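Everything on this sheet refers to the single structure shown next.
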Amino acid sequence: MNRSNRTTTVAGFILLGLSAHPALEKIFFVLILLMYLVILLGNGVLILVTVLDSRLHTPMYFFLRNLSFLDICYTTSSVPLILDSFLTPRKSISFSGCAVQMFLSFAMGATECVLLSMMAFDRYVAICNPLRYPMVMSKAAYVPMAASSWAAGITNSVVQTSQAMRLPFCGDNIINHFTCEILAVLKLACADISINVISMVVANVIFLAIPVLFIFISYVFIMAAILRIPSAEGRKKAFSTCSAHLTVVVVFYGTILFMYGKPKSKDPLGADKQDLSDKLISLFYGVVTPMLNPIIYSLRNKDVKAAVRNLVLQKHLAK
Ligand SMILES: *[C@@H]1O[C@H](CO)[C@@H](O)[C@H](O)[C@H]1NC(C)=O
């Protein structure tokens with residue numbers, strides 16, 4: 001880490017974004033804007049149909065509605081800033097603005113991890129214990145389950161963000177990223193960040209490893225239960241109620257693993273290219289999953305398709 005000679009603390013940060021690639025900036029501005037609109041529309045429609053259609057008033061769709069709402073919040077906490085950084089090269093952001101943005105994105109990301117495992121539990125009870133499903137997944141259970149996902153995500157983010165923003169920043173204030181991503185900001189601190197790194201590792205275990213393990217175990221039980229169903233028709237029907245969730249989980253955790261799991265290039269000449277591709281991948285990662293969730297759920301789910309069709313037809317008939 002470079003220790004700066006200047007001891008003055010910085011008043012704010014500068015987001016580098018894609019400033020070095022003006023041609024890419026324009027393309028990505030249009031692309032990300034379009035994807036953001038699809039996210040707002042897709043998740044908005046999903047929230048609307050799960051509220052309006054009484055056949056979708058079940059715990060599964062309650063969680064799905066919460067996931068859509070979360071996806072809207074998550075992208076809204078970063079996409080407007082990303083778009084702005086494409087229009088304003090070397091965009092400056094105040095220290096507190098950066099803290100708020102970091103807090104919101106981190107909180108939503110952690111909440112999503114927990115919420116996805118709550119949804120896996122919902123599918124586990126529905127398939128492995130169908131007779132007790134109405135009792136186990138009562139309103140008194142699923143509302144607190146969703147609420148505790150939010151509480152856990154927000155608590156984690158309060159801890160991580162306050163730890164990061166308490167660090168001294170002096171001299172270098174250029175964030176080589178589109179947003180105040182926590183790792184990119186930690187790199188700029190002019191103090192020992194080992195405590196932050198340790199607490200990030202602990203948080204990753206709690207919010208990534210444990211949910212993944214939990215989801216994996218749930219699906220082992222789910223698959224075992226489905227394979228015990230004697231008729232092929234019954235097996236197909238049981239599987240169809242959890243295939244959408246399984247797809248979302250694979251896409252969500254798959255992109256995270258792809259992003260953090262791939263080896264870094266050691267070649268200094270390749271570092272620039274690597275840097276650019278890392279940035280673009282993380283940019284896509286932030287918008288692809290929220291965009292895919294409603295698409296996956298509406299393509300793989302007859303009930304959602306029927307509800308959307310009804311909604312459109314009702315609108316037409318009402319006119
Ligand atoms: C998501 O869950 C929380 C906590 O149970 C609830 O208060 C909130 O209304 C839900 N949001 C939506 C859009 O359903």
Side-chain angles (χ1 to χ4, degrees), residues 35-80 100 103-126 133-159 206-208 210-211 214-215 218 241-242 244-245 247-249 251-253 286-287 289-298 300-301 303-308 310-312 314:
M35 289 169 94
Y36 184 51
L37 294 177
V38 172
I39 290 168
L40 293 183
L41 186 73
N43 287 293
V45 167
L46 205 54
I47 291 177
L48 205 64
V49 294
T50 53
V51 169
L52 293 182
D53 198 304
S54 56
R55 274 165 305 176
L56 302 184
H57 289 174
T58 66
M60 182 172 116
Y61 292 107
F62 169 81
F63 284 122
L64 186 57
R65 176 162 70 242
N66 234 283
L67 189 68
S68 280
F69 178 64
L70 183 62
D71 279 339
I72 290 181
C73 294
Y74 175 63
T75 44
T76 304
S77 75
S78 62
V79 169
V100 170
F103 164 75
L104 290 175
S105 289
F106 207 81
M108 303 303 159
T111 304
E112 179 136 358
C113 293
V114 183
L115 196 61
L116 284 175
S117 54
M118 299 289 182
M119 293 171 82
F121 180 71
D122 168 71
R123 291 298 84 209
Y124 163 75
V125 180
Y133 184 69
M135 204 180 71
V136 176
M137 275 291 159
S138 64
K139 194 161 188 180
Y142 66 71
V143 173
M145 277 168 73
S148 56
S149 311
W150 287 83
I154 289 170
T155 309
N156 180 36
S157 188
V158 166
V159 174
I206 297 175
F207 287 87
L208 286 173
I210 293 178
F214 185 82
I215 293 170
S218 305
T241 66
C242 59
H245 175 256
T247 315
V248 168
V249 164
V251 171
F252 181 76
Y253 286 104
V287 282
T289 350
M291 189 174 78
L292 287 184
N293 286 355
I295 297 175
I296 290 169
Y297 266 96
S298 27
R300 309 214 100 190
N301 192 304
D303 295 335
V304 174
K305 269 194 272 193
V308 172
N310 283 345
L311 189 74
V312 174
Q314 264 171 19

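The shown structure was predicted, so the numbers you read here are calculated from the model rather than taken from an experiment. Start at 1 and go down the list; that is how both ligands and their atoms are numbered.
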What I'd like to find out is whether the side chain of [X] reaches to under 4.5 Å of the side chain of [Y], using heavy atoms alone.
X: D122; Y: Y142; result: no
X: E112; Y: P290; result: no
X: V287; Y: Y36; result: no
X: D303; Y: M60; result: no

Query raised in the report: Are the side chain of S218 and the backbone N or O of F214 linked by a donor-acceptor pair below 3.5 Å?
Result: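 Yes; at least one donor-acceptor contact below 3.5 Å.
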Query - Passing candidate, side-chain contact (heavy atoms from CB on, under 4.5 Å) with T50, options V304, N66, L56 - result: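 So the option named by the test is L56.
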Query raised in the report: Under 4.0 angstrom from atom 9 (O) of ligand 1, is there any protein heavy atom?
Result: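 No.
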Query raised in the report: Short check: is a protein heavy atom less than 4.0 Å from atom 5 (O) of ligand 1?
Result: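 Looking at atom 5 (O) of ligand 1, one finds that a protein heavy atom does lie closer than 4.0 Å.
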Using a 4.0 Å cut-off to any heavy atom of [X], which atoms of ligand 1 qualify?
X: F69; result: 13 (C)
X: A146; result: 2 (O), 5 (O)
X: R65; result: 13 (C), 14 (O)

Query raised in the report: What's the shortest distance from atom 12 (C) of ligand 1 to any protein heavy atom, and which residue and atom give it?
Result: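 For atom 12 (C) of ligand 1, the nearest protein heavy atom comes out as N66 ND2, 3.8 Å.
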Query raised in the report: Does V143 come within less than 4.0 angstrom of ligand 1, counting non-hydrogen atoms of the residue?
Result: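 Heavy atoms of V143 do come under 4.0 Å of ligand 1.
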